[in-house]
A.B. asks: 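The following block contains the structure, expressed as structure tokens.
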Amino acid sequence: MLELNTIRANPEDIKKRLAVKNFAHLHLIDTVIALDEQRKATQQALDTALSQINALSREVGDAFKAGKKEEAEMLKAQSIAIKETVNQLEADAKQNEIDLHEALVQLPNLPHESVPAGKTPEDNEVVFSHGDLPNLPENAMPHWDLAHKYRLIDFELGVKITGAGFPVYIGKGAQLQRALINFFLKEANAAGYTEMQVPHVVNEESAFATGQLPDKEGQMYHVGIDGFYLIPTAEVPLTNIFRGEILKEEDLPVKVCGYTPCFRREAGSYGKDVRGLNRLHQFDKVEIVQIQHPDVSYNTLEDMVQHVSGLLQKLQLPYRVLRLCGGDMSFASALTYDFEVYSAAQHRWLEVSSVSNFETFQANRLKLRFKDTETKKNRLLHTLNGSALALPRIVAALLENHQTETGITIPEVLRPYTGFDRIGE
RNA sequence: GGAGAGAUGGCCGAGUGGUCGAAGGCGCACGCCUGGAAAGUGUGUGUACCCCAAAAGGGUACCGAGGGUUCGAAUCCCUCUCUCUCCGCCA
């Protein structure tokens, strides 16, 4: 949620920046400002009336104590008269607040100045790439065939148990999952992130605070009976740990990580995008989250990008880093880098990580602040997060890129975790 | 799931209709004391919105959440949430 003060300070600039995200409802800015003016006026009138009532109430008490019954009754009558005004003003203020909030939550975060204009993924900027694209033989197999051949993943079995997009991992396939999770967690720990085990279902408040609600309502699984949501990413519980907190400046940055399954309805997806492991309804991911001082959060973003780069290099996967254009960025993000690995048998890039700085957008909803030691005032913090990493497409790329005639070679760094160095004969 | 008890500031804890944003203690900050520290001692110490150019100052709201009664609610009533104890069920 954007800060009211920011919007008030320079509405035209806000509109320009939102236009970079191709945000269509720029008139909402004017709506917000008008509603805020109205809010202030109403609040002032209300505060004044309440102040009068408070004063009268004190006088009523004094009058009764002094035995001046008639005077007390008279004062009471005055107070009751004001009360009618108060009731009306309170109703107005409440409605006003609802309207203002409704308008505010529709506004996406402002893109950082480095965000390129653009509408589609084609407009994203490649800022870095690493590794040579593997030259596989003609008969190289896509991962779904490899998974079948070596009996690593059974997609049909998942359909039977739940539905499409819920695969069953078998034997070395399952062990590879576990190995990757452990590898990612260990790397994150080594980089100073404290590991957290968090709930996989969250309440509405949490889903709202990180920006999934109301923007992505239809993309989350909803547990109707209790009003909970299955987490689409560990970002939600990991960030909500800090909801409502006022941190000390010396405790920054806060670094946490966690492994969770992620649940996404992925309504509207189809075709080659959802083949095999490319897009699942349930998948595993290790997430890293940092909470940082506003002045240095972009350095932190770079650190996180370096961390993810390191993981991909250790796994010997060719990858590239994209700076997302305004149109491809998420609602809550100010700047996002996507990581894509090259899937050699599919001849396409697959997104495996997304690292973002949300600046104060989430923090404003979270009410996550720190005490500024200089000004002694509370300020909103910056939140950042990134996948480090999401498993399925990593597995897809590992299987495809590291396949040989007789099996699949496990990268050196993973062997201590898998306990085997190849799949196949 | 059943029965009961409870929820007050960073923490503990008083407060059952007005003088309560809230006693007292602990903690914390700053000062005094000290060669230095401890002890002692003094002062201060929540959040949000608004008025004010700003500071100073002032107003309003907040005692789990939401409603209600009342001139006036931390205090009375209702609903909900959470915590604890006992019983039941159970990995």
Side-chain angles (χ1 to χ4, degrees), chain A residues 1-10 32-105 197-209 223-229 237 240-252 254 360 362-381:
Chain A
M1 197 154 67
L2 293 179
E3 292 171 82
L4 262 175
N5 287 338
T6 315
I7 297 174
R8 273 196 299 232
N10 198 342
V32 163
I33 289 174
L35 285 169
D36 188 43
E37 289 302 321
Q38 206 177 310
R39 183 195 115 245
K40 277 196 210 172
T42 311
Q43 161 126 38
Q44 264 177 56
L46 178 60
D47 282 359
T48 308
L50 284 172
S51 176
Q52 286 168 356
I53 287 187
N54 284 342
L56 283 169
S57 296
R58 255 172 263 135
E59 287 177 43
V60 171
D62 292 344
F64 270 124
K65 260 179 224 162
K68 300 177 190 163
K69 277 206 168 165
E70 278 177 32
E71 193 185 326
E73 290 301 334
M74 204 185 73
L75 291 165
K76 259 198 200 181
Q78 283 182 38
S79 183
I80 291 171
I82 299 175
K83 186 75 185 235
E84 279 175 34
T85 320
V86 166
N87 286 340
Q88 184 56 51
L89 285 169
E90 269 180 347
D92 289 351
K94 204 172 204 174
Q95 187 56 47
N96 196 235
E97 195 139 309
I98 291 169
D99 294 344
L100 179 59
H101 188 256
E102 194 189 306
L104 267 178
V105 297
Q197 243 185 55
V198 289
H200 300 168
V201 291
V202 295
N203 57 32
E204 194 178 318
E205 222 178 332
S206 292
F208 172 77
V223 185
I225 194 165
D226 290 310
F228 293 151
Y229 292 90
N240 271 282
I241 289 170
F242 304 98
R243 194 170 71 218
E245 298 289 317
I246 299 176
L247 304 179
K248 290 187 196 138
E249 200 172 335
E250 62 261 33
D251 292 338
L252 302 175
V254 174
T360 59
Q362 290 182 331
N364 193 26
R365 292 190 180 196
L366 291 157
K367 296 288 165 262
L368 168 55
R369 293 160 293 174
F370 73 102
K371 182 83 72 184
D372 191 319
T373 43
E374 265 180 50
T375 63
K376 309 264 188 219
K377 295 209 166 147
N378 293 327
R379 283 175 68 189
L380 291 173
L381 283 156

A.B. asks: Is A:L89 close to A:T42 at the side-chain level, that is, under 4.5 Å between some pair of heavy atoms?
C.D. replies: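 With C-beta onward as the side chain, the pair touches.
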
A.B. asks: Which nucleotide, if any, forms a Watson-Crick or G-U wobble pair with B:rC20, using both distances under 3.5 Å?
C.D. replies: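 By the stated definition (distances under 3.5 Å), nothing pairs with B:rC20.
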
A.B. asks: Rounded to the nearest 0.5 Å, what's the gap from OG1 on A:T48 to CD1 on A:I82? Could you check?
C.D. replies: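 The CD1 atom of A:I82 is 10.5 Å from OG1 of A:T48, to the nearest 0.5 Å.
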
A.B. asks: Would you classify A:K69 as touching base, sugar-phosphate or nothing, given that sugar-phosphate means primed atoms plus P, OP1 and OP2, and contacts are heavy atoms under 4.0 Å?
C.D. replies: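 Answer is nothing: A:K69 stays at 4.0 Å or more from every strand.
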
A.B. asks: Provide, to the nearest angstrom, the distance between the CZ atom belonging to A:R58 and the P atom belonging to B:rG72.
C.D. replies: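 One finds 13 Å between P of B:rG72 and CZ of A:R58, rounded.
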
A.B. asks: Taking a pair as Watson-Crick or G-U wobble with both distances under 3.5 Å, which nucleotide is matched to B:rG31?
C.D. replies: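 When the pairing criteria are applied, B:rU41 turns out to be the nucleotide that pairs with B:rG31.
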
A.B. asks: Let me have a per-nucleotide readout for nucleotides 45-59 of chain B, 5' to 3', with B, S or -, counting only protein heavy atoms under 4.0 Å.
C.D. replies: --SSBSS-------B

A.B. asks: Is it true that A:K377 and A:D372 make a salt bridge, defined as a side-chain N closer than 4.0 Å to a carboxylate O?
C.D. replies: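 Salt bridge: no.
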
A.B. asks: Taking atom types as modelled and ignoring hydrogens, do the side chains of A:S206 and A:N203 form a donor-acceptor contact shorter than 3.5 angstrom?
C.D. replies: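 Yes - a donor-acceptor pair under 3.5 Å links their side chains.
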
A.B. asks: What residue pairs, at least two apart or across chains, pass salt bridge (charged side-chain N to carboxylate O under 4.0 Å, His left out) with a residue in residues 91-100 of chain A?
C.D. replies: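 Qualifying pairs: none.
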
A.B. asks: When you compare B:rU81 with B:rA29, how far apart are their C1' atoms, in angstrom units rounded to a whole number?
C.D. replies: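 Nearest-Å result for B:rU81 against B:rA29 at atom C1': 36 Å.
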
A.B. asks: What's the NZ-C1' distance between A:K94 and B:rA61, to the nearest Å?
C.D. replies: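 The answer, rounded to whole Å, is 14 Å.
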
A.B. asks: Across the strands shown, which category fits A:L75 at heavy-atom distances under 4.0 angstrom: base, sugar-phosphate, nothing?
C.D. replies: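 Touches nothing.
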
A.B. asks: Could you check which nucleotide pairs with B:rA14 in any of the strands shown, counting Watson-Crick or G-U wobble with both distances under 3.5 Å?
C.D. replies: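 Across all strands, not a single nucleotide pairs with B:rA14.
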
A.B. asks: Does the Lys NZ or Arg CZ of A:R365 fall within the cation-pi geometry relative to A:F208 - under 6.0 Å from the ring centre and within 45° of the axis?
C.D. replies: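 Yes, a cation-pi geometry holds between A:R365 and A:F208.
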
A.B. asks: How far does the C1' atom of B:rC63 sit from the matching atom of B:rG9, given to the nearest Å?
C.D. replies: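 Pairwise C1' distance, B:rC63 against B:rG9, rounds to 9 Å.
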
A.B. asks: For B:rA61, what is the paired nucleotide under Watson-Crick or G-U wobble rules, both distances under 3.5 Å?
C.D. replies: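 Its partner is B:rU47.
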
A.B. asks: Under a 3.5 Å limit for both distances, which nucleotide forms a Watson-Crick or G-U wobble pair with B:rU70, could you say?
C.D. replies: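 By the stated definition (distances under 3.5 Å), nothing pairs with B:rU70.
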
A.B. asks: Taking NZ, NE, NH1 and NH2 as the nitrogens, is one of them in A:E245 or A:K367 under 4.0 Å from a carboxylate oxygen of the other?
C.D. replies: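 Salt bridge absent between A:E245 and A:K367.
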
A.B. asks: Atom CZ of A:F64 and atom C1' of B:rU19: how far apart are they, to the nearest Å?
C.D. replies: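 After rounding, the reported distance stands at 17 Å.
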
A.B. asks: Starting at atom CG of A:D62, determine the distance to atom C1' of B:rG18, rounded to an integer number of angstrom.
C.D. replies: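 For the pair A:D62 CG and B:rG18 C1', the rounded distance is 9 Å.
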
A.B. asks: In whole Å, what separates the C1' atom of B:rU85 from that of B:rU60?
C.D. replies: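 One C1' to the other, the span is 41 Å.
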
A.B. asks: With a non-hydrogen cut-off below 4.0 angstrom, is A:S79 in contact with a base, only sugar-phosphate, or nothing?
C.D. replies: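 It contacts sugar-phosphate atoms only.
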
A.B. asks: In whole Å, I'd like the distance from the CG atom of A:N203 to the P atom of B:rC80.
C.D. replies: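 Taking CG of A:N203 and P of B:rC80, I get 19 Å after rounding.
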
A.B. asks: When rounded to the nearest Å, what value does the distance between P atoms of B:rC78 and B:rG42 take?
C.D. replies: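 These two P atoms come out 46 Å apart once rounded.
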
A.B. asks: Quick test of your reading: applying salt bridge (charged side-chain N to carboxylate O under 4.0 Å, His left out), list the pairs with at least one residue in residues 39-58 of chain A, sequence neighbours left out, ordered by first then second residue.
C.D. replies: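 For residues 39-58 of chain A, and leaving out neighbouring residues, the salt bridge (charged side-chain N to carboxylate O under 4.0 Å, His left out) pairs sorted by first residue read A:D36-A:R39.
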
A.B. asks: Would you say the side chain of A:L100 lies within less than 4.5 Å of the side chain of A:L4, judging by non-hydrogen atoms?
C.D. replies: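 A side-chain contact exists here, since the closest heavy-atom pair is under 4.5 Å.
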
A.B. asks: Using atom C1' in both nucleotides, what's the gap between B:rC77 and B:rG17 to the nearest angstrom?
C.D. replies: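 Comparing C1' positions in B:rC77 and B:rG17 gives a spacing of 13 Å.
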
A.B. asks: Any strand is fair game: report the nucleotide pairing with B:rC82 by Watson-Crick or G-U wobble, both distances under 3.5 Å, or none.
C.D. replies: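 B:rC82 is paired, partner B:rG6.
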
A.B. asks: May I ask you to verify if any side-chain N or O of A:K83 is less than 4.0 angstrom from the OP1 or OP2 atom of B:rG72?
C.D. replies: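 Checking A:K83 against B:rG72: at least one side-chain N or O falls below 4.0 Å of OP1 or OP2.
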
A.B. asks: Provide the distance between the two C1' atoms, one in B:rG36 and one in B:rC26, to the nearest whole Å.
C.D. replies: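 Going atom to atom, C1' in each nucleotide, I get 26 Å.
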
A.B. asks: Can you check the distance between B:rC30 and B:rA39, where both ends of the measurement are the P atom (answer in whole Å)?
C.D. replies: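 Result for the P pair: 15 Å, nearest Å.
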
A.B. asks: For A:I80, which contact category applies under a 4.0 Å heavy-atom criterion: base, sugar-phosphate, or nothing?
C.D. replies: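 Here A:I80 touches the backbone only, sparing every base.
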
A.B. asks: Taking pairing as Watson-Crick or G-U wobble with both contacts under 3.5 Å, can you name the mate of B:rA91, or confirm there isn't one?
C.D. replies: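 Pair assignment: B:rA91 / none.
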
A.B. asks: B:rU70 C1' sits how many Å from A:K76 NZ, rounded?
C.D. replies: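 Value for this atom pair: 8 Å.
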
A.B. asks: Quote, to the nearest angstrom, the C1' distance that separates B:rA37 from B:rC50.
C.D. replies: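 So the two C1' atoms sit 47 Å from each other.
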
